[in-house]
Trainee: 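So that we are looking at the same thing, I have put the structure below in structure tokens.
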Amino acid sequence: MSPVKKETLLFVDDEETILDIARTYFQSRGYTVLTAGNGREAIEVLWHNHIDCCFTDINMPEMDGMELAEYVRKHDNTVPLVVMTGYPSLDNTIQTLKNGVVDFLVKPINLRQMELSLERVLRERRLFIENIMLNKELAGKERIEKLNKELQQKNDELNVVNRIMTDFAALRESADVLKQLVDLTIAHARADVGCFYLVNESSDQVVPIAYATSEGAAPLVDKGTGSTSDLFPLSGDPKIKHLIFEAVKDDQPLLVSSRNGNGCLPEQVASFMVTPLKIRSKLLGVLSAFLGDGDCRFGERDLYYLSVMANKAASAMESLALYENIYNNLLATLYAFVKAIEARDPYTKQHSHRVTRIALKLAKAMERTAEEQDILNVAGLLHDIGKIGIRDEILLKPGRLDREEFAIIQQHPVIGADIMDNLGLWHREKMIVRYHHERFDGTGYPDGLKGEEIPLLARILSVADVYDAIASDRAYRRRMEEDKILEIMYGGSGTQFDPEIIDIFRQLYQAGELTAITAETD
Ligand SMILES: [Fe+2]
């Protein structure tokens, strides 16, 4: 049995006998054999089959072996070509070799000689292809490594930029942005000191207003005086100021290190960078970063991060300022509502303001957080905003309200909470407005909540609300007698009011802190 060989051979000759002999012999050796009568036919075969080696005669009708060789060289130089001719001439030989022919056999051809030539050609072809593949693979590997490295760098940069964006997105007040900015400068730009300066171009002034130092960084102490006072000692250095104005003038980030700084930097600064921070194309100030003594210097990437941070901070400040503006506008509109209600109802003129102040006194004495006090401030001013929905004849009715009228009045906490809900803001404030008429024993309205089911700040507001209602001087009547006031307040402990809040109330009342508020005339 003949060995299995997978190669496919093409024999091209105008002599049928030669093709027959070759076919019979090489098929018996396991090769697949295709044949063609001239160059043109051979090209057809090459188009439609994968050929591992092609044997061709030179002199043939229509297209000779040399044209075929040229065609193969141009179109697929991985197909080795062996030329067989009965009339070798030097010219022929040279021409065919130029056309990439790999071997030359002279007729009459010994089949064994052809086979040896074939084996050699196929071996060389395998090597040739392997070599091409290897080179491709090598180039591919190098390219992949390079791309990987670039990708890793881009990825790192993206991560840092993402973190910067997330950090800014978490901020709620524009005042926090600058502090955050200098902290991030330490974290992401590897700085010893990060500082934000307000810049006033017209008065030629730079004013450092926020700065941060990295842990363990050598302090950038003024070596002349050893001073560590002020914001930080280098903040006003004339060389630094000069560089800040350079960056502002060019409207470009600037990086200077002592290697190339040529005395541009103060002695104790090894590397310094600065980038302008603009809001709506108006300069606010500059973000700067310092590296002290040591071998570290800022690089281009640090400068890139610095300018990314300044840009992100600028947009965060812009949107926060917008938000704060809208928020304040909205608040102002709501206060105007409250004022309108109070104007309709002379009994309660300034009531909301006083209730807020009393509630804040209680909250402070109870050591509630600044955030809770902010919430109470908004909720206190808006607590009766739901009265806007109640008709004058009920709201302003001088005598006792009947059951139906009282039920309408009782809706005002719900209406108020709904108004705030529609604005999509102040969830916690909204709950205080809703629950400011709940009672500790569960008999209040609108939901009959009991004890600690009522939010603490609503319980505080309820004490302040009732106290102001009975203790304030009014335009048409004097305040209630003190005994009566205290009877209602202290007597309500545990029923109407949270006893712990009444204890605090008692202390503040006895200290005269509350009467000062309610004694104010309208
Ligand atoms: Fe109320």
Side-chain angles (χ1 to χ4, degrees), residues 331 334-363 375-398 400-422 426 428-450 453-472 474 479-480 485 488-489 492 495-498 501-502 505 514 517-518 522:
L331 219 51
L334 291 177
Y335 292 160
F337 273 132
V338 174
K339 276 201 153 47
I341 301 162
E342 291 180 346
R344 278 164 67 199
D345 178 6
Y347 294 78
T348 59
K349 202 171 170 202
Q350 288 292 319
H351 167 69
S352 302
H353 273 276
R354 286 192 307 265
V355 168
T356 306
R357 286 167 64 193
I358 295 163
L360 285 174
K361 272 205 182 289
L362 288 165
I375 292 168
L376 208 46
N377 193 28
V378 173
L381 290 170
L382 300 180
H383 77 276
D384 272 343
I385 193 168
K387 286 186 177 170
I388 195 107
I390 295 170
R391 299 193 305 277
D392 276 359
E393 60 264 36
I394 299 173
L395 187 66
L396 308 179
K397 187 173 175 181
R400 260 186 104 77
L401 299 170
D402 64 29
R403 243 182 41 187
E404 197 184 326
E405 289 165 340
F406 190 57
I408 290 172
I409 282 281
Q410 282 183 327
Q411 287 172 9
H412 82 269
V414 178
I415 297 170
D418 284 350
I419 290 172
M420 297 177 78
D421 200 32
N422 288 340
W426 308 309
R428 291 181 66 184
E429 288 85 342
K430 183 183 82 183
M431 302 318 275
I432 300 170
V433 170
R434 185 177 177 101
Y435 298 130
H436 78 274
H437 283 290
E438 296 290 357
R439 290 169 54 109
F440 200 69
D441 60 8
T443 60
Y445 62 89
D447 297 321
L449 298 188
K450 197 172 183 177
E453 288 171 357
I454 309 163
L456 174 70
L457 298 181
R459 281 179 265 147
I460 292 176
L461 194 72
S462 154
V463 171
D465 190 22
V466 172
Y467 172 68
D468 183 73
I470 57 177
S472 303
R474 299 295 164 87
R479 52 185 287 178
M480 256 182 208
I485 293 170
I488 293 174
M489 297 308 295
T495 51
Q496 183 162 8
F497 307 120
D498 180 340
I501 300 172
I502 290 298
F505 172 86
L514 304 178
I517 298 172
T518 49
D522 296 339

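First listed ligand is number 1; within each ligand, the first listed atom is number 1.
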Trainee: Nearest 0.5 Å please: distance from the CG atom of Leu382 over to the CD1 atom of Ile432.
Mentor: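 Rounded to the nearest 0.5 Å, the CG-CD1 separation comes out at 10.5 Å.
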Trainee: Can you list the residues that meet the salt bridge (Lys or Arg N to Asp or Glu O under 4.0 Å) rule with Glu453, with sequence neighbours excluded?
Mentor: none
Trainee: How would you list, by chain and number, every residue that makes a ring pair (Phe, Tyr, Trp, His ring centres under 6.0 Å) with His437, sequence neighbours excluded?
Mentor: His412, Tyr445
Trainee: Mind checking side-chain contact (heavy atoms from CB on, under 4.5 Å) for Asp441 and listing every partner two or more places apart, or none if nothing turns up?
Mentor: Arg439, Thr443, Thr495
Trainee: Can you measure from CG (Leu362) to CG (Leu457) and round to the nearest 0.5 angstrom?
Mentor: 11.0 Å
Trainee: Are Lys430 and Asp418 ion-paired here, with the side-chain N under 4.0 Å from a carboxylate O?
Mentor: no
Trainee: Anything protein N/O/S under 2.8 Å from the Fe ion (ligand 1)? Just list residue and atom, please.
Mentor: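 The answer is Asp384 OD1, His412 NE2, His436 NE2, His437 NE2.
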